[in-house]
Amino acid sequence: MRKITLSKAVNEALAEEMRHDESVIILGEDVAEAGTPFKVLSGLVEEFGTDRVIDTPISEPGFMGIGVGAAMTGMRPVVDLMFGDFIFLIMDQLCNQAAKTHYMSGGKLNVPLVLRTNMGATRRSAAQHSQSLHAIVAHIPGLKVAMPSSAYEAKGLLKTAIRDDNPVVIFEDKLMYQDSAEVPEEEYSIPFGEACVKREGTDITLIGTSSMVQVCEKAAEMLQAVGISAEVIDPRTIVPLDEKTLVESAKKTGRVIVVDEGHQSFGVTSEIASRINEKAFYHLDAPTTRMGAMDVPIPFSPALEDITVPTPERVFEQAKKLVSGELIDAA
Amino acid sequence: MSNSKRKLSADEAMRMFRQMVRIRTFENNANQLYLSAKMPGLTHMYSGEEAVAVGICEALLPTDKITSTHRGHGHCVAKGADFKAMFCELLGKEEGYCRGKGGSMHIADQSNGNLGANAIVGGSMGIATGAALTSKLKKTGDVAVCFFGDGATAQGLMYEVMNMAALWNLPVIYACENNGYSEYTKTEEIAAGSITARAEAFGIESYQVDGQDVIAVNELSQKLVDRARKGEGPFFLELMTYRYHGHHVGDINREYYRAKDEEADWKENRDPIIRMRAWLVENGYATEEALDELHKEVTEDAENAVEYALNAPYPDVSEVDMHVYTDVKHVLA
Ligand SMILES: Cc1ncc(C[n+]2csc(CCOP(=O)(O)OP(=O)(O)O)c2C)c(N)n1
Ligand SMILES: [Mg+2]
C-alpha cells in the first residue's frame, strides 16, 4: 500500500470532504496561501478558493465563535487552531457555546463543527507551545475528542469528524506531521469509539494515545526481547471511549499501563485507569498505573524538556516492574 | 532623520546608536546559532526594528516596566539586558535569564523591568496594563510600555484593557510595532480601518511614527513617558517598521508573500542604523572611525558571549520540578 505523511492524510481528508459537501469550509490563521505554518493545508485554497479556505486575523475567540454560529446555521466549519495551547483563548466559545448548544436547545440546534489543533512536546517550543490539552476538552460533556496516532487514523478520524453533527476536537501531534504510514488510495473513515488493538499480547496491556502509541509499540518490542508479551491498544477517540475493548484486554493480561502526553494528574490516564479498576478489578494482578507528562509546565531547555514526557525506556521499565510483581511506588 | 528640537547630548545619541548596534549584532549571532543547528527550536529576529525598542526604552528608567513579544530580543537588550545571560537563555543553559526554562520566547529580565516576552500573541496586554495599575495604586511613578505587533491588534483583549486603562488614566503606553506583516499575511488583510483610530475611540491620544527614525521615536516617547508619569496616560503609538528576516529564522523562502524588492528597499533606504550613523557623523557627534570601533567592540562582546553560552552547563535535571510554586521547592519530590 502507498505511504503518505500525516500532513498529507489530513490534507486529503479535507479535500475529499470539501468535494463531497459544499458546506465544509476551513477557517483559521494563515490557512490559505501559506497553508498553515506546518504546511498541512497546502493546495486547498487553490482548489476551493478563498470563500471556503478563509484566512482570519489572529482573533481566536472571534473566528471560533463565527465557526459556531456558521455551524448552527448550515455550514460545516473546520476551524484550524494553530497550536493546541491557544485553546485557552477559545474556551468560552468551545465549552460554553459549542458544547452545550444542542443540549440547551432541547436537541433542536446542532453544532457540526470540527476544531483541528495539535499537541506534543519535545519540539523546543517552551511552555506556551508544547502542551497537550485534550483532557481539558474531554472533561466537557458535548464535545467529542479524537487523537490520531498515525496518518491512517488522522485521515479516517477527520472524515468521520466532519460528517459528525456534534462539535469534535481533533488533536494531531505536531511532531508527527512528517511521519508516513500506509493509507489506502480509496476513501474510508474510522468510526468513533472503536479502539484499535495494535499488537496482541498476554502479560500486560499498554494503552497509548496519539504519539504514545508509538512509544508503547517500541516498549512492547523491548519487552518481547526480555520475554514479556505486551498488548498495545490505541483508543483513537477518548470521547467516546471504547471502554469494552480496554477492559477486556485488562481482564486478559491482568496488568495495565496507560500512557498519554497530557499532564499526569487529573488527566486521561487517570480516567482510563479508574474505569479499568472499576470494571476489571478482580482480574488484575497489579495496580493499573498512569504515565503522563510530568506535572510541570514544559521547560524550554532540552536538558529538562526530554525528561517531562514518557519514553519507550520508561514504559519498558515500568512494565517490567509490574510483571515481576515488584511493588510500585505510589508516587 | 527628524530634526530634534531638543539637542541630544553626545552621550544620549551614542547610547542609542550603540543599543541599536547591539540588537542587530545579537540577532545576527542568534540567527547564526540557528543556521549552524546550535540553538534549540526557532526564534524570531528583531533586526530592522531596532529604532522602535531603543527609541522607547531610552526614554524609560530601569524601574519602568515593559512587556515584550515573541519577537522580543530587541526589547530585552534595549531595556538593559546582558548578552551572556541572554545567549545562555537562548541555548537553554542554567545561567540564562530564566535558567533555561523560558528560552527565546519567554525571556524576561526582572532586574531591568522587563516582565517578559510572550508566546501568546497579545498575551501581555493585560500584564502591561496591570503593571500600570500597580504604579497608580502604589504611587511608584513607574510607566509601563506594552510592545506588540500589528497582528496582535486583532486580539479582543487589547480592547478590553485599553478601555479600562482609559477609564482609570493608567500610566501605560501601547506600542504597536507595525512591521507590515503578521506571519505570512499582510497587515491590510487582517486589520480593518485605522489602527490608531481604534485607540482614539477610547479617548486615548494616539500617534503614528516613523519607526525607522530613532530620534523621532525617542523624542515622542520622552514626552509621553513624562506625561504618563504625571497621570495623563494612557497613550498609543503605532510605529511603522519592518522585519528584515522571515517571520522566524526558518522562514527562508518567503517570496510567495513578500517581494525581495520590498525587502531590499527597506534595508537599503530606511535602515535605522545606517540613518543614525550618517546623522551622527553629519552633526559632529562621532567620526566614522569611532563608529567602526564601536561596531567592533560590540561584535567582540557578542562573540565572547556566544562562546561563553555554548560552553555553559545545562541546568541540572533536578531543576525540572522547581519553580512551579513559590513555596514548594520540588513539586514532585
Ligand atoms: C494567540 C496566538 N495566536 C497565534 C499565534 C501564532 N503566531 C505567532 S507570531 C504570529 C504573528 C504575529 O504578528 P504580529 O503581532 O504582527 O507580530 P510580528 O511577528 O510581526 O512581530 C502568530 C500568528 C500565537 N503565538 N498566539
Ligand atoms: Mg507584524
Side-chain angles (χ1 to χ4, degrees), chain A residues 28-39 42 45 50 54-65 82-83 85-90 92-93 121-131 263-265 293-309 329 331, chain B residues 39-42 70 89-94 96 98-107 117-123 149-157 182-185 187 189-192 247-248 250-251 254 256-257 313-324 330-333:
Chain A
E29 293 156 21
D30 275 326
V31 292
E33 203 186 2
T36 79
F38 297 101
K39 303 290 169 208
S42 299
V45 74
T50 50
I54 306 172
D55 266 344
T56 65
I58 314 173
S59 304
E60 288 84 1
F63 65 75
M64 179 64 190
M82 197 185 292
F83 281 86
D85 310 69
F86 308 159
I87 219 158
F88 289 127
L89 281 90
I90 60 161
D92 178 66
Q93 298 307 311
T122 70
R123 202 169 159 266
R124 317 298 177 226
S125 308
Q128 295 173 343
H129 280 66
S130 306
Q131 298 168 91
H263 292 299
Q264 180 160 308
S265 294
M294 212 178 253
D295 289 326
V296 303
I298 307 295
F300 167 71
S301 184
L304 303 181
E305 185 178 25
D306 288 342
I307 61 170
T308 63
V309 291
D329 181 343
Chain B
M39 187 183 64
L42 291 170
H70 57 285
E89 191 57 39
L90 260 59
L91 299 181
K93 302 299 179 78
E94 180 186 343
C98 312
R99 303 192 66 77
K101 283 202 159 108
S104 161
M105 282 204 292
H106 300 288
I107 201 160
N118 209 307
I120 300 298
V121 167
D150 47 287
T153 62
Q155 289 285 332
L157 178 65
S182 55
E183 275 190 355
Y184 320 111
T185 305
T187 308
E189 290 165 28
I190 53 100
H247 171 59
H248 54 64
D251 171 26
R254 52 181 179 269
Y256 75 92
Y257 75 87
Y314 284 112
D316 189 80
V317 291
S318 65
E319 291 213 20
V320 73
D321 69 340
M322 293 175 76
H323 316 118
V324 181
H330 288 281
V331 73
L332 300 176

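Chain identifiers are assigned alphabetically (A, B, ...) following the order of the sequence lines, protein sequences preceding nucleic acid strands; residue numbering begins at 1 within each chain.
- At a 4.5 Å heavy-atom cutoff, the contact between B:Val331 and chain A is made by side-chain atoms alone.
- Of all the listed residues (B:Ala119, B:Ala191, B:Gly41), the one sharing the greatest number of non-hydrogen pairs under 4.5 Å with chain A is B:Ala119.
- A:Asp55 contributes a side-chain N or O that, together with a main-chain N or O of A:Val31, makes up a donor-acceptor pair within less than 3.5 Å.
- Looking at B:Asn118, the atoms closer than 4.5 Å to chain A (heavy atoms on both sides) sit in the backbone and in the side chain alike.
- Here B:Val317 is the residue among B:Val317, B:Leu42, B:Leu91 with the most heavy-atom pairs under 4.5 Å with chain A.
- Only the backbone of A:Thr56 has a heavy atom closer than 4.5 Å to any heavy atom of chain B.
- When A:Val296, A:Leu89, A:Ile298, A:Leu304 are compared by the number of non-hydrogen pairs under 4.5 Å with chain B, A:Leu304 comes out ahead.
- In this structure, the portions of B:Val320 lying under 4.5 Å from any heavy atom of chain A include both its backbone and its side chain.
- Between the side chain of A:Gln131 and the main chain of A:Asp85, no donor-acceptor pair closer than 3.5 Å is present.
- Looking at A:Ile58, both its backbone and its side chain come within 4.5 Å of chain B, counting heavy atoms on both sides.
- Ring centroids of A:Phe83 and A:Phe88 are separated by 6.0 Å or more, keeping the two rings apart.
- Residue B:Leu157: no heavy atom, backbone or side chain, is found under 4.5 Å from chain A.
- Without hydrogens or angle criteria, B:Lys101 side chain to B:Met322 main chain gives a donor-acceptor distance under 3.5 Å.
- Per-residue heavy-atom pair counts under 4.5 Å with chain A were compared for B:Asp251, B:Ile120, B:Val121, and the maximum is reached by B:Ile120.
- Within the 4.5 Å cutoff, no side-chain heavy atoms of A:Thr308 are placed close to those of A:Thr122.
- A donor-acceptor pair shorter than 3.5 Å can be found between the side chains of A:Asp30 and B:Thr185.
- Every residue was checked against the ring pair (Phe, Tyr, Trp, His ring centres under 6.0 Å) condition with A:Phe63, not counting sequence neighbours, and none meets it.
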